[in-house]
Amino acid sequence: MKYVQEYRARDLAQKLAAAIAREADTGRDYHFMEFCGGHTHAIFRYGVQDLMPENVRFVHGPGCPVCVLPVRRLDDAVEIAERHNVILCSYGDMMRVPGTKQRSLIRAKADGADIRMVYSTMDALKIARDNPDRQVVFFAIGFETTTPPTAVAIRKAQADGLDNFSVFCNHVLTPAAIQHILESPEVRDLGTVKIDGFLGPSHVSSVIGSEPYEFFAEEFRKPVVIAGFEPLDVMQSVLMLIRQVNEGRNEVENEYTRVVTREGNLKAQELVSDVFELRQDFEWRGLGMVPYSALQIREAYAAFDAEKRFAVSEKASREVKSCECPAILRGVKKPTDCKLFGTVCTPDNPMGSCMVSSEGACAAYWTYGRFRADAPAKAKKEVAA
Amino acid sequence: MCLAIPAKVIELADGDMATVALEGVKKRISVALLEDVTPGDYVLVHVGYALHKVSPEEADRTLKLMSEAGVLAEELEEITGGAA
Ligand code: SF4
């Protein structure tokens with residue numbers, strides 16, 4: 001709450017909260033899935049849920065890139081680093097995610113593997129240039145915002161004839177995952193996850209545009225509003241979703257017109273489609289195998305594909321047994337439903353991926369939501385004051 | 001990881017690179033994903049790449065909010081603390 005109070009536009013937040021309360025039909029519930037981990041984080045950090053009426057709920061989606069990577073792929077990355085004696089470069093978020101038997105990149109590094117944290121793919125290229133006698137692998141993860149930088153790096157490596165650089169590609173696609181959630185038995189048959197609409201991701205959409213969402217807004221009859229990351233953006237978008245639901249519309253609307261257009265960043269899209277092609281199947285933590293939901297490196301750039309360069313064994317991978325991340329990522333459970341939450345599992349000692357990244361639902365609950373038992377009523381009073 | 005920080009482009013360099021200023025910190029980033037970037041433009045920076053141009057007003061608003069909420073300090077640390 002404190003953040004919304006500090007924010008200059010507190011008046012606007014109050015007005016939006018009042019409009020949402022006024023327009024939300026008290027005779028029904030509204031469940032909106034925020035797909036993107038950046039929104040999950042913002043909703044907790046700024047206490048947005050506390051400003052919503054009782055019948056407007058956020059369902060946290062699988063849009064945290066670190067959270068959805070299956071343990072298997074993480075184990076493979078560790079194996080590439082250890083068995084093939086390469087320099088493995090990874091984004092910081094990935095470093096502490098536990099793999100099978102709690103083995104994270106950080107642990108493997110402590111045991112002697114050469115694993116380096118990088119901020120950017122350009123840092124990884126530089127490491128390759130500085131170490132011509134070593135193989136350097138970039139552990140690429142992320143959604144559509146993080147994919148174009150990987151594409152640029154691969155093209156640069158090719159242009160510069162950098163033959164000791166390759167990419168372990170784990171890039172995944174947002175629209176495919178949303179469609180998969182809508183087709184899941186939990187949403188369709190069991191009705192255990194109720195979704196009345198989606199908050200569409202901000203920066204992912206700045207790259208792919210708003211057009212890719214049009215198909216499932218129509219096909220699955222669910223409204224989508226592309227929302228900025230700021231608390232007021234999220235609130236405004238909720239209001240737009242409520243209006244669509246009330247009026248029976250299922251459209252793609254764009255609240256974040258400051259950055260997102262219908263066609264997106266065409267230059268970035270061209271680079272991505274030059275370097276990558278669809279993978280037939282990719283496993284997501286929580287969602288299982290999702291067809292055409294990820295990218296692989298095209299044949300023309302096969303020399304830079306770490307999967308082709310470094311063999312990995314077919315060993316079994318295992319997550320911590322009681323970790324509920326898979327159900328949380330599907331929106332079926334909440335972090336507090338997990339036995340390990342806050343006791344065995346904390347950000348300092350994470351058991352699952354959702355507790356590692358600040359965009360993961362468990363980490364957000366732990367950091368911003370632990371003592372919220374009576375928060376909603378109090379927050380509303382404070383805002384009204 | 002989904003966040004992007006607005007920064008002002010100070011200077012363009014070879015190979016689609018540029019120097020941006022961020023709260024007094026200068027950083028080399030890539031502008032390979034954008035067309036027609038010129039010094040003075042504000043861009044959203046994500047993992048070392050400019051993703052999108054934004055207006056100066058939008059950049060200012062976002063930066064103020066990020067700094068009030070303490071997000072900016074964290075992001076700056078990630079940018080400057082990463083191995084290079
Ligand atoms: S609290 Fe920890 S163990 Fe439980 S679901 Fe979240 S990440 Fe997994």
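From a predicted model like this one, the values you see are computed outputs, not experimental measurements.
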**Student:** Report the residues that fulfil disulfide (SG to SG under 2.5 Å) with A:C362, sequence neighbours left out, ordered by chain and then residue number.
**Tutor:**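 A:C362 satisfies disulfide (SG to SG under 2.5 Å) with no residue once adjacent residues are dropped.
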
**Student:** Around B:K26, counting heavy atoms of other residues, nucleotides and ligands shown, do more than 12 lie under 6.0 Å from its NZ?
**Tutor:**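 Not more than 12 within 6.0 Å, no.
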
**Student:** Which heavy atom of A:M122 sits nearest a heavy atom of B:S30, and at what distance?
**Tutor:**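 That closest heavy-atom pairing would be SD-CB, 3.5 Å.
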
**Student:** To the nearest 0.5 angstrom, please state how far the NZ atom of A:K156 sits from the CG atom of B:D16.
**Tutor:**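 That separation rounds to 8.5 Å.
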
**Student:** Please evaluate residues B:V54 and A:R258 with respect to the criterion side-chain contact (heavy atoms from CB on, under 4.5 Å), reporting the C-alpha separation (whole Å), side-chain torsions for both, the decisive distance (0.1 Å), and the verdict.
**Tutor:** CA-CA 7 Å; B:V54 287; A:R258 309 195 296 277; over 6 Å; no

**Student:** Identify which of A:L271, A:N265, A:V207 forms the greatest number of heavy-atom pairs closer than 4.5 Å to chain B.
**Tutor:**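 Heavy-atom pairs under 4.5 Å are most numerous for A:N265.
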
**Student:** Using non-hydrogen atoms and a limit below 4.5 Å, what part of residues 35-44 of chain B faces chain A?
**Tutor:**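 Those residues of residues 35-44 of chain B which have a heavy atom under 4.5 Å from chain A are B:E35, B:L44.
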
**Student:** Roughly how far, to the nearest 0.5 Å, is the NE2 atom of B:H52 from the OG atom of A:S205?
**Tutor:**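 Atom-to-atom, A:S205:OG and B:H52:NE2 are 10.5 Å apart.
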
**Student:** Which pair of non-hydrogen atoms, one from B:H46 and one from A:Y119, has the smallest distance, and what is that distance?
**Tutor:**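 Nearest pair, atom of B:H46 first, then A:Y119: C-OH, 4.5 Å.
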
**Student:** Does NZ belonging to A:K109 count more than 12 external heavy atoms closer than 6.0 Å?
**Tutor:**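 Yes, because the 6.0 Å sphere around NZ of A:K109 holds more than 12 heavy atoms from other groups.
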
**Student:** Compare every heavy atom of B:L34 with every heavy atom of A:K267, then report the nearest pair and how far apart it is.
**Tutor:**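 Scanning both residues completely, I find the closest heavy atoms to be NZ-O, 3.1 Å.
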
**Student:** Could you give the distance from OH (B:Y49) to OG1 (A:T145), rounded to the nearest 0.5 Å?
**Tutor:**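 It is 13.5 Å, given to the nearest 0.5 Å.
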
**Student:** Going from OG on A:S206 to CG on B:L33, what distance comes out if it is rounded to the nearest 0.5 angstrom?
**Tutor:**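 The OG atom of A:S206 sits 10.0 Å away from the CG atom of B:L33.
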
